[in-house]
Every structure is written in C-alpha cells, then in structure tokens.
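Below you'll find the structure, written out as structure tokens, and then a few comments.
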Amino acid sequence: MKRWLDRWNAWWFPGASTLPLAGARLVAVAAQLLWFGPNLPHHINLATHNSHFSDPQPLIRLLNHLLPRHVLFSATGMTAVWWVTAIAGWLALVGFRTRTALFIFTLGTWFFVSHGYSYADVHHREAPFALFLMALPFAPSGARLSLDALLRRRRGLMPELRSPLALWPLKFVHVLLTMTYLSTGISKLLAGGLAWMNGYTLQNYILSDAIERSIPLGVWVAQHYWLCVLLSIGTVLFELFYFLSLLLPRTAPFWFLGGVFFHIGLYYVAGHPFYQFILLNFILFLFLDPDRIPAWLQRLDAALLQPDRPREAPQPS
C-alpha cells in the first residue's frame with residue numbers, strides 16, 4: 001500500500017519548477033478578466049427583474065439563506081461584488097498578495113457563474129475552468145512572475161524556484177478534462193449507441209444549430225453525409241480516448257492541440273462557445289511539461305530574477 005501511495009504522491013506532487021504555474025496563472029487570470037468576465041448589466045437585470053430563483057445553484061442557495069436577498073441580489077450588491085472581484089483579479093494578475101487575491105477573485109467568479117445559472121439555464125462549459133481557478137490559490141502561484149517575487153527579492157530572500165505543489169493544479173485540470181470528455185463520449189454511446197456515428201445524427205445537430213445561429217459553414221458541412229460520418233467518428237474517438245494523454249505523456253501535446261482545434265471547429269460549425277475548454281487545453285499544452293515553456297516567458301523570468309546591480313558611488317571631480 002505504501003508503494004502505491006508513494007507513486008500517487010510522486011505523480012501529483014513532484015518537485016518541479018514554479019515557472020509553469022506562474023505562466024498558467026497569467027494566462028488564466030487575464031482570460032477571465034478580459035474575456036470570460038461577467039457582464040454586470042446582465043446580472044443586475046437578472047437580479048432585479050426576478051423575485052426568486054427558478055433553479056438556484058448551491059452557492060447562491062447558501063448566500064440567499066445567510067443574507068437577505070436585497071444585500072447581494074440588487075444593483076448595489078451586484079456592483080459591489082463585481083468591483084471586489086475585478087480588483088482582486090488585477091492584483092492576482094500582477095501577483096500582489098497573489099494567493100489571497102486569487103482566492104477572492106475565484107469566489108467572485110464562482111458567484112457570477114452560479115448566479116447566471118440560477119434561472120433555469122444551466123451549462124457546463126465554465127465548470128472546469130472555475131475549478132482550475134480555485135486550485136491556483138492552493139499552490140505557489142505567485143512564486144514567479146509577480147510583484148510578490150520582486151518584493152521577496154528586494155528583502156534579500158531566495159526565490160521559490162521549485163516546489164512539490166507547483167504542478168498539481170495543472171495535473172488536476174488535466175484529470176478533470178479527461179473525466180469530462182470521457183463522460184461525454186460514454187453518454188453519446190449510451191444514448192444512441194453506434195448509431196450516433198451514422199452521420200445522420202450529426203447532420204441533424206449541425207444543421208439545426210447552424211440554421212438557428214446563421215452559420216453558413218455549418219449548413220455546408222451538414223449537407224455532406226460522409227464528412228459528417230468522419231466527424232462523428234472523430235468526435236467520439238477523441239472524447240473516449242483523451243485519457244491516453246494521462247497514460248502516455250508523450251502523446252499529451254497532440255491531445256491538447258486536438259482539444260483546441262476540436263472546440264474551435266465546433267464553434268465555427270455549430271456555434272458552441274466552449275472557449276474555456278480551448279483555453280484549458282492550450283494552457284496544458286504550454287505549461288504542463290516544463291520543457292515546453294515558451295522562450296519569451298523564460299527570458300522574462302530570468303530578467304525578473306536577475307539581482308539588482310549595486311549602484312556606483314559618485315566619483316569626485
């Protein structure tokens with residue numbers, strides 16, 4: 001048993017560079033701030049034009065139980081939470097009090113995602129990304145590429161270059177994506193069996209979505225039967241065998257890039273905006289393997305780690 005526990009811990013918590021985690025923090029937080037961030041007017045409209053929640057999510061149910069509705073679920077309350085979340089996000093991005101800022105930022109993100117889905121319109125595309133954000137505060141996410149690291153250096157302390165906790169958030173989201181894809185692939189086979197790959201099923205899905213969303217490429221794809229057969233087979237195979245990226249690490253970059261292009265294709269053909277899945281696969285491609293860290297990020301890190309040169313005393317004339 002001890003041998004298996006040692007293997008388990010060695011996989012999750014290897015001593016690794018903290019630079020990949022810092023790079024992942026920058027990309028994930030910037031994307032949430034500038035791309036995925038909540039639409040404040042939309043949330044104010046939902047809160048003020050509905051007297052109750054039709055399908056309150058667990059976090060919203062808890063807050064609604066603890067606080068009177070008008071405290072948070074009003075224009076003033078929503079605006080206050082939005083500003084706290086935004087400020088915490090920018091602090092997390094620049095890396096000041098990084099772990100605390102990340103935790104507050106993620107709680108605010110969870111609040112808005114949960115609130116938006118408390119009115120009988122629930123999707124799953126935000127869930128893995130939100131869980132990844134919550135993993136970041138429990139790792140040394142501010143050890144590099146941050147104001148915290150610069151302040152630590154100014155105090156004469158050694159930078160935290162390696163840590164056993166450096167890779168676990170990335171490994172966690174890798175496992176999470178694997179479970180998500182596997183469950184989706186199995187659901188397709190359980191619901192439709194091999195008939196899901198007969199081409200007609202995908203033709204119907206693509207055509208209905210493309211017409212509803214005015215996507216000419218989707219309409220064109222739906223008119224080509226054998227192309228739909230190949231795409232449906234490829235979809236199921238990708239979802240069912242994505243787990244090989246865990247068992248065969250050398251193949252992982254191909255699965256991550258496959259995930260990026262899979263969701264981009266899904267968007268341009270059927271209009272499904274799985275942006276968070278695109279970003280998570282891209283983050284794993286860039287940062288899960290420390291040997292693939294982009295060169296520009298290494299140069300930036302080296303510049304930040306370079307000790308200050310002592311200033312020369314002025315010479316008498």
| request: Establish, for the pair R292 and F285, whether the NZ or CZ atom is under 6.0 angstrom from the six-membered ring centre and no further than 45 degrees off its axis. | output: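 Yes, R292 lies over the aromatic ring of F285.
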| request: Assess R97 against F103: is NZ or CZ under 6.0 Å from the centre of the six-membered ring, and within 45 degrees of the ring's axis? | output: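 That pair does not qualify as a cation-pi contact.
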Quick one: do [X] and [Y] end up in the same hydrophobic cluster if we chain Ile, Leu, Val, Met, Phe, Trp and Tyr together by side-chain heavy atoms under 4.5 Å apart?
X: V84; Y: L63; answer: no
X: V219; Y: W226; answer: no
X: W35; Y: L33; answer: yes
X: F13; Y: L246; answer: yes
X: L207; Y: L227; answer: no

Rounded to the nearest 0.5 Å, how far apart are [atom1] of [X] and [atom2] of [Y]?
X: I283; Y: I278; atom1: CD1; atom2: CD1; answer: 12.0 Å
X: S232; Y: W196; atom1: OG; atom2: CH2; answer: 6.0 Å
X: T98; Y: L147; atom1: OG1; atom2: CG; answer: 7.5 Å
X: W82; Y: I87; atom1: CH2; atom2: CD1; answer: 9.0 Å
X: W110; Y: T85; atom1: CH2; atom2: OG1; answer: 13.5 Å
X: F274; Y: E126; atom1: CZ; atom2: CD; answer: 9.5 Å

Would you say that [X] contacts [Y] through its side chain, given a criterion of any heavy-atom pair below 4.5 Å between the two side chains?
X: P128; Y: L280; value: yes
X: P273; Y: R125; value: yes
X: S141; Y: L102; value: yes
X: Y200; Y: N204; value: no
X: L19; Y: P290; value: no
X: I215; Y: D209; value: no
X: T109; Y: M134; value: no
X: H174; Y: L288; value: yes

Less than 6.0 angstrom separating the ring centers of [X] and [Y], yes or no?
X: F53; Y: F73; result: yes
X: W8; Y: W12; result: yes
X: F36; Y: F129; result: yes
X: Y275; Y: Y267; result: yes

Would you check if the side chain of [X] reaches a backbone N or O of [Y] as a donor-acceptor pair within less than 3.5 Å?
X: K188; Y: V236; answer: no
X: S114; Y: L59; answer: no
X: R154; Y: A149; answer: no
X: H115; Y: F111; answer: no
X: N198; Y: T201; answer: yes
X: D6; Y: R3; answer: no
X: E160; Y: A143; answer: no
X: H224; Y: W220; answer: yes
X: W255; Y: F241; answer: no
X: N50; Y: L46; answer: yes

Shortest non-hydrogen contact from [X] toward [Y]:
X: L170; Y: F287; value: CD1-O, 3.6 Å
X: F112; Y: V81; value: CE1-CG1, 3.7 Å
X: L240; Y: F243; value: O-CD2, 3.0 Å
X: A47; Y: R69; value: O-NH2, 3.3 Å
X: V29; Y: G89; value: CG1-O, 3.4 Å
X: S17; Y: A166; value: O-CB, 3.4 Å

Step through the shown structure and confirm whether more than 12 heavy atoms of other residues, nucleotides or ligands are within 6.0 Å of [atom1] on [X].
X: W4; atom1: CH2; answer: no
X: W83; atom1: CH2; answer: no
X: L66; atom1: CG; answer: yes
X: Y268; atom1: OH; answer: no

| Should the pair F238 and Y181 be assigned to parallel (<30°), tilted (30 to 60°) or perpendicular (>60°) ring geometry? | perpendicular
| request: Look at the rings of Y242 and F256 and say which category their plane angle falls in: under 30° parallel, 30 to 60° tilted, over 60° perpendicular. | output: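 Geometry flag for F256 against Y242: tilted rings.
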| Taking atom types as modelled, is there a side-chain donor on S118 or D55 under 3.5 Å from an acceptor on the other? |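 There is no such pair between these side chains.
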| Does one side chain, of R144 or T18, offer a donor that lies under 3.5 Å from an acceptor on the other? |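 Yes, side-chain donor-acceptor contact under 3.5 Å.
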